[in-house]
Amino acid sequence: MKNLKPQLVLSLREYSKEKLVKDLVAGVIVAIIALPLSIALALASGVSPEQGLYTAIVAGFLISALGGSTVQIAGPTAAFATIVAGIVAKSGMEGLAAATVLAGVILAVMGVLGLGSLIRYIPGPLTTGFTAGIAVTILIGQLKDFLGLTFRNAPIETMEKLAEAAACIGTLNAAALGVGCLTLAILIIWPKFFKTIPASLIAVLVTAGAVKLFRLPVNTIGDLYTISSGLPSFRLPALSLGTVTAVLPDAATIAVLAAIESLLSCVVADEMTGTRHNSNMELVAQGVGNAASALFGGIPATGAIARTAANIKNGGSSPVAGMVHAAVLLAVLVFLMPYAALIPMPCIAAILFQVAYNMSGWRKVADAFRGPSRTDVLVLLVTLVLTVVFDLVVAIAVGLVLYYALLFLKRKSKQKEL
């Protein structure tokens, strides 16, 4: 327990006016990046747009304030999208809230027990496989909005969505496809010339303006969702024995994935800054942040590698930057949220396409195929396929058993050769 000290406390010991200015600038820039992503990831998760902002505000603030990393930025991430969508479809928002609170408790207990170092026992091929699998499921899940398809059914599973998209390809909306392609073009071309303003924000503004100005027959967020600009309100989920038993597997999945992704993000941040994070304090903060997010209407959160990297590149030097990012998003929620109704759904889909591409880790997949280990390739492929066809729980369980079983057999065969 003596080592569980938030990084904010340590950072403030040597804080200065210069660091405050840098943190303020970095926090504002990261908030601008997080705004369209939080909305897009909420929609991909099957919840309302403002719930993505609730998550980034509540969890983002608490994880920065209590975490073990100097520069970690937390919020909704693509890794949780398919998991959250599945829980909502199966158990509703009440079940999601209960699962997220329980996941928060599990994460906090893991940190108190000093289990942060267990991340090293998660095989690299397994992480690469399920991350790539999640990217594929996100891409498939956004085909409907990107192409402007009209589904006859309401598929839940990834393969069902793919089959439905193929069956309904005749309903393709050329205007929606055009808006989606315009968004992709902006996302790819804009950063080549302008580094300071996020391409996703420009894409949102341009496509929303185009749809409104030319009255294009394209669904917007406002056509499909009722948007609230009110502050998140506190609400306790019903944690009966039956509910806890039903959602416990989902809670364990959220906790494990949050631990893996947040600690991986911390490792990346350490490499970029030359600092060292406190993994156990980070797990405690992730637990508190996730539980609070659920209690205020949000969804699961974890460390976001891309937003953390953006924080570092823009001068963020302490947890204050992450807290500023949350405060800016709170201001946006209160004063600008109604304008989110104008964002076209194909634009959201295209942004998520880019998120899926960035998280896919295709270079790591290619390196695995070029590497000498057939075990790594097999585990990666099995985990990827199971993530897409079934779910993350099955993928991680089978992947872990397969990896260590093959490792055991390999060692046994070497011993026999000796």
Side-chain angles (χ1 to χ4, degrees), residues 37-49 51-52 55 75-93 95-97 99-100 103 126-146 151 153-165 247 249-262 264 290 293-294 298-306 345 348-362 365 380 382-399:
L37 285 177
S38 297
I39 293 173
L41 291 168
L43 296 180
S45 301
V47 300
S48 61
Q51 287 179 271
T55 308
T77 66
F80 283 122
T82 53
I83 297 171
V84 172
I87 297 173
V88 171
K90 180 179 64 176
S91 308
M93 290 305 303
L96 174 63
T100 308
L126 181 71
T127 304
T128 302
F130 76 66
T131 302
I134 291 169
V136 173
T137 60
I138 290 172
L139 189 148
I140 292 173
Q142 296 306 308
L143 288 176
K144 175 180 180 290
D145 289 328
F146 187 81
F151 278 8
N153 304 301
I156 296 174
E157 301 297 333
T158 300
M159 299 310 294
E160 292 175 352
K161 290 179 181 177
L162 183 60
E164 185 73 7
V247 303
D250 295 322
T253 302
I254 293 170
V256 170
L257 187 56
I260 293 172
E261 190 170 7
S262 63
L264 284 176
N290 272 279
S293 175
I299 59 179
T302 188
I305 295 176
M345 293 304 294
I348 294 293
I351 290 173
L352 289 169
F353 277 0
Q354 187 187 52
V355 170
Y357 173 81
N358 289 336
M359 76 173 294
S360 67
W362 63 268
V365 175
L380 191 158
V382 168
T383 307
L384 192 161
V385 171
L386 290 178
T387 300
V388 175
V389 177
F390 294 101
D391 59 45
L392 195 61
V393 178
V394 174
I396 291 179
V398 173

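For this chain, numbers begin at 1 and follow the sequence in order.
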Test side chain to side chain contact (heavy atoms under 4.5 Å, CB included) on Leu257 and Phe130; report intermediate values, then the result. CA-CA 10 Å; Leu257 187 56; Phe130 76 66; 3.6 Å; yes

Check the pair Thr158 / Val136 against side chain to side chain contact (heavy atoms under 4.5 Å, CB included), numbers first and verdict last. CA-CA 9 Å; Thr158 300; Val136 173; 5.7 Å; no

Would you please test Ile305 and Met359 for side chain to side chain contact (heavy atoms under 4.5 Å, CB included) and show each step? CA-CA 9 Å; Ile305 295 176; Met359 76 173 294; over 6 Å; no

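Taken to the nearest 0.5 Å, the CZ atom of Phe80 stands 8.5 Å off from the OG1 atom of Thr100. Atoms OG1 and CD1, from Thr387 and Ile396 in turn, are 7.5 Å apart once rounded to the nearest 0.5 Å. Taking CG from Leu139 and OG from Ser360, the interatomic distance works out to 9.5 Å, rounded to the nearest 0.5 Å. In this structure, Gln142 CD and Thr137 OG1 are separated by 10.0 Å, a value rounded to the nearest 0.5 Å. Rounding to the nearest 0.5 Å places OG1 of Thr128 at 14.0 Å from CH2 of Trp362. Rounded to the nearest 0.5 angstrom, Leu43 CG and Gln51 CD are separated by 10.0 Å.
Two residues are said to be in side-chain contact when any heavy atoms from C-beta on lie closer than 4.5 Å; Thr82 and Asp391 fail this criterion. Within the 4.5 Å cutoff, the side chain of Asp250 has no heavy atoms near those of the Ile83 side chain. Using a 4.5 Å heavy-atom threshold, the side chains of Leu352 and Tyr357 count as separate.
Between Ala251 and Ala99, the shortest heavy-atom distance links the atoms CB-O, 3.3 Å.
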